[in-house]
Amino acid sequence: MIEKNYQPADIEGRMSLVWEDARAFSAGRPDRREADPFTIVIPPPNVTGSLHMGHALNNTLQDILCRFERMRGRDVLWQPGTDHAGIATQMVVERQLMERQQPGRREMGREKFLERVWQWKDESGGTIINQLKRLGASCDWSRERFTMDEGLSKAVVKVFVELHRAGLIYKDKRLVNWDPKLLTAISDLEVQQVEVKGNLWYLRYPLEGKTFSPEDPTSFIVVATTRPETMLGDTAVAVHPEDERYQHLIGKRVILPLVGREIPIVADTYSDPDKGSGAVKVTPAHDFNDFEIGRRHGLPQISVFDKEGCLNLVDNEDYLRELPEASEEFAREFHGIERFAARKKIVERLKNFGFLERIEPNTHMVPHGDRSGVVIEPFLTDQWYVDAKTLAQPAIAAVRSGATTFVPKNWEKTYFDWMENIQPWCISRQLWWGHQIPAWYGPDGKVFVAETEEEAIGHAIGYYVEQEVITPEQGREMALDRNKRAGFITRDEDVLDTWFSSALWPFSTLGWPDDVPEVKRYYPTNVLVTGFDIIFFWVARMMMMGLHFMGEVSFSTVYIHALVRDEKGAKMSKSKGNVIDPLALIDEYGADALRFTLAAMAAQGRDIKLSASRVEGYRNFATKLWNACRFAEMNDCALPEGFEAAKAEETLNRWIAHETAAATREVTEAIEAYRFNDAAGAIYRFVWNVYCDWYLELAKPVLTGPDSAAKAETRAMVAWARDEILKLLHPFMPFITEALWETTADRDGLLTLAPWPHRVDVPTVAEIAALSAASFADPLVPPMAPSLFVPFDASSFKDEAAEAEIGWVVDLVTAIRSVRAEMNIPPATLMPLVLVGASAETGERAPRWTDVIKRLARLSDISFADRAPEGSAQLVVRGEVAALPLKGVVDLAAERTRLGKEIAKADADIERVDKKLGNPNFVAKAAEEVVEEEREKREAAIARKAKLEEALGRLASVG
RNA sequence: GGGCACGUAGCUCAGCGGGAGAGCACUACCUUGACAUGGUAGGGGUCACAGGUUCGAUCCCUGUCGUGCCCA
């Protein structure tokens with residue numbers, strides 16, 4: 001029995017359990033051993049994360065694809081899991097320690113701290129996974145993976161060692177984006193450019209050999225800067241080589257104010273003559289552009305900050321080199337001052353000595369760490385790098401050749417732009433939570449990269465014996481005695497960027513590097529579904545790693561979906577406070593309604609601005625379906641064994657078969673083309689506007705009539721079409737459809753494993769037997785219902801005659817209702833209908849639909865006549881006149897107005913078509929079908945107008 | 001400054017070379033035996049603006065204005 005009211009909360013939890021118990025989503029089910037695999041890896045959410053609208057959209061789309069392919073008989077693996085989110089997770093746990101007033105990370109030490117992080121992960125790390133389950137994600141939960149798992153960590157180590165051996169990973173001293181709060185390097189992509197209202201400070205740098213005076217412009221050069229505090233690390237001044245103002249100064253030297261260092265004036269095109277003073281100070285150790293200028297001119301790099309962003313001058317050899325002794329006092333005075341305080345103090349000092357020309361307000365972009373929120377400091381450090389440029393080449397080629405395609409295609413441009421300008425990828429992070437880099441250092445700093453410490457020691461001993469640092473004898477002793485070699489080499493303390501492990505996700509989750517059958521079966525994956533914002537973070541890196549280590553692309557299709565934005569079109573973010581919580585929407589309207597909304601709005605290439613009213617509307621759609629199924633149940637509609645829809649005899653039943661086939665084709669083709677909104681729209685219209693509005697209404701007289709063959713067939717057909725609807729809708733609304741599937745009949749299997757209506761590979765009888773055998777062999781696999789295999793070829797079934805007949809009924813009823821409403825005839829008034837001058841076809845059809853038409857159009861009687869009775873309202877349906885004779889009820893003036901409006905409409909049609917057909921160019925140049933179509937339109941409009949005028953004439957003669 | 005989108009009914013959005021569509025909102029009527037989380041009928045748009053291509057442009061091209069995003 002179906003409950004009276006649809007309550008999503010009541011069924012969603014229960015259906016989740018049903019699927020789980022049946023292990024419905026397990027990859028490699030025995031009954032699908034021979035089936036084609038279909039694989040999607042989930043973009044792993046942060047283990048610290050919770051479900052936001054972007055996740056909801058992303059996973060809804062993946063789930064639609066997975067459920068669709070699962071029903072099409074594929075062996076689906078949707079690989080779930082989370083990533084360890086190095087910085088975010090470490091921050092979460094550190095914050096927790098602080099809140100509980102427990103010892104901090106450094107006090108407890110690395111090992112203890114990592115234990116705490118794991119403990120946190122075990123307790124709270126499952127949040128987002130449970131939220132994905134609430135959304136209905138049909139992942140193979142038994143295969144859930146975590147980037148810090150043993151197996152995935154093994155893959156990380158192997159990849160690092162092999163890339164290092166191949167020279168594709170190396171250590172280098174370069175500028176990195178340094179987060180002075182978190183004390184780690186971060187990636188370009190974790191840096192947010194924020195517009196900040198700052199200043200341009202114009203500074204006077206005295207020229208060497210002149211006596212500096214603020215009054216004498218020939219005694220100095222003015223440089224403009226947004227970061228005056230970095231001037232302590234300046235090693236040059238740059239001007240544009242063609243800037244006439246400065247030609248005479250190129251090659252001269254200036255004395256750096258406050259510091260006293262002599263630095264050159266160089267010519268470099270980076271300097272923009274139109275910006276500031278046209279001269280810039282060059283600080284290679286604290287600015288990415290200056291770093292490049294420094295390289296071009298061979299300038300020294302002087303870092304003046306420490307890793308916390310405080311001035312570091314005392315004992316700073318780079319800084320103090322070649323400086324006069326007096327400057328040591330200055331160094332002591334400024335040493336240790338935080339960078340923004342230093343800015344104030346330095347500007348003040350410059351001003352006091354006349355070196356500050358002026359200050360100009362200037363709005364510019366300043367890099368901020370997206371986790372810490374503090375201003376990022378370009379900082380010169382030793383880090384590990386991946387040679388991304390080399391690895392990118394095959395990844396670029398794979399997209400060029402079409403081995404991997406983007407949907408929509410225009411994202412390929414973005415991909416190429418990024419890949420072709422890719423920079424070395426800094427992969428080391430100064431954190432504790434993550435994969436510790438498998439590199440060890442010998443006593444002299446020599447690095448040994450190996451999969452294990454034992455192996456590294458072996459290499460080290462060999463190396464140092466060869467270098468005669470230790471004797472062969474010492475080496476032998478160390479190799480044999482653990483105690484003797486303790487502390488000989490020390491491991492790199494840093495960990496790898498989280499994205500380094502995520503890049504391996506499509507194959508590490510399958511078990512690589514172990515030789516397991518899953519790798520062979522499920523790699524390459526079929527499609528990756530993601531938002532464009534992580535094309536760079538993730539897609540590109542998976543492409544690089546997949547091609548290098550597997551020799552094959554990671555996925556053949558990348559579907560890039562929209563971003564979910566708020567009602568103003570702004571990106572949803574916590575700091576803006578404009579987030580809509582998907583879980584709140586699920587609580588209010590159900591997961592099915594939310595999923596359907598997201599699918600219906602997921603038009604390609606367009607962002608989604610979500611509003612709750614849409615979700616409500618689709619919840620109502622679910623209710624509609626629920627009630628339609630209740631109707632079927634109340635009328636004892638059931639599918640008899642062996643029923644064949646294609647062989648139905650009743651016109652109405654053939655019509656719904658025709659419509660079902662059309663809807664099936666539409667939905668199937670739309671999902672295949674990733675047009676989720678079209679698919680959702682097609683099933684929505686079919687359920688509501690075809691099945692509910694017309695089929696069930698037209699079937700009512702038959703269902704409530706006397707027992708007959710027609711009644712039996714209609715009962716079967718109502719149930720059959722309902723089942724087809726449940727299947728077509730299942731990928732979008734899995735909970736309600738599975739629940740109704742369970743309740744509406746005695747089923748042998750779950751809907752989620754039932755075959756898709758459009759399945760091309762309808763199994764033969766022999767195959768069914770084999771499948772059943774396989775199913776029964778494994779008690780966990782529910783056998784498939786034999787009745788599901790009754791062939792109905794949705795790809796080809798058509799019945800145009802049924803379509804024409806039911807179409808006439810629909811048009812007639814609609815026209816009568818429209819006239820009644822316009823004439824203000826109360827619904828309680830039953831009117832007679834007269835079909836005027838009916839054709840033979842109509843004469844045959846009408847009696848077959850008397851009951852239905854009477855009921856739906858609220859008629860007392862249907863009759864035929866050659867002329868419309870006096871004083872009747874008349875309407876034209878498919879070229880024939882129907883009259884509603886009701887003397888006294890029909891307001892003649894109103895009817896005259898109504899007919900006048902209809903005629904005007906017909907006139908407008910005729911005029912528009914005439915204009916076209918009157919154009920000789922149109923007739924000559926337009927496609928023949930188009931011209932023919934227009935001619936037909938014209939004829940129809942003229943005929944319609946004639947009938948209407950006739951009706952108006954009759955009215956005039958009466959009144 | 002460079003790149004990518006987008007401006008269609010009051011709102012949120014589809015459509016995209018030959019008759020302007022949906023959901024919500026709105027108006028009127030309906031306690032009709034599945035459903036008021038509903039039914040029936042209806043109102044509402046110079047498809048941002050200006051040029052061009054075409055027999056024909058909401059749709060293709062160019063420009064202008066406006067909005068958003070990404071990158072520098």
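First the proteins, then the strands, lettered A, B, ... as listed; each starts at 1. All figures in this text were calculated on a predicted structure; none of them were measured in a lab.
The base of B:A34 sits with one of its N or O atoms less than 3.5 Å from a complementary donor or acceptor on the side chain of A:K700. Below the 3.5 angstrom threshold, one finds a donor paired with an acceptor across the side chain of A:E697 and the base of B:A34.
Across the interface with RNA chain B, nearest-nucleotide mapping of A:F631 and A:E933 shows A:E933 to be the residue nearer the 5′ end. With RNA chain B read from its 5' end, the first of the two nearest nucleotides for A:K4 and A:K901 is the one closest to A:K4.
A gap of 11 Å separates the P atoms of B:C49 and B:A9, to the nearest Å.
Listed nucleotides: B:C35, B:U37, B:A22. Nearest to the side chain of A:R614: B:A22. The side chain of A:A926 lies closest to B:C55, out of B:A41, B:G3, B:C55. Nearest to the side-chain atoms of A:E934 among the listed nucleotides B:G19, B:U37, B:C55 stands B:G19. Of all nucleotides listed (B:C55, B:C24, B:C30), B:C30 comes nearest to the side chain of A:P827.
Pairing partner, B:C4: B:G68, with both Watson-Crick or wobble hydrogen-bond distances short of 3.5 Å.
The aromatic rings of A:Y674 and A:Y559 sit parallel, their planes meeting at an angle under 30°, below the 60° perpendicular limit. Note on ring orientation: taking the six-membered ring where Trp is involved, the planes of A:Y684 and A:W688 are tilted (angle from 30° to 60°).
Distance, A:E928 CD to B:C55 C1': 15 Å, rounded to whole Å.
Base engagement by A:A927 is indicated by at least one non-hydrogen atom pair under 4.0 Å involving a base atom.
Using a 4.0 Å cut-off between charged side-chain N and carboxylate O, A:E412 and A:R400 make no salt bridge.
The only option from A:F416, A:W411, A:Y415 that meets the ring pair (Phe, Tyr, Trp, His ring centres under 6.0 Å) definition with A:F406 turns out to be A:Y415.
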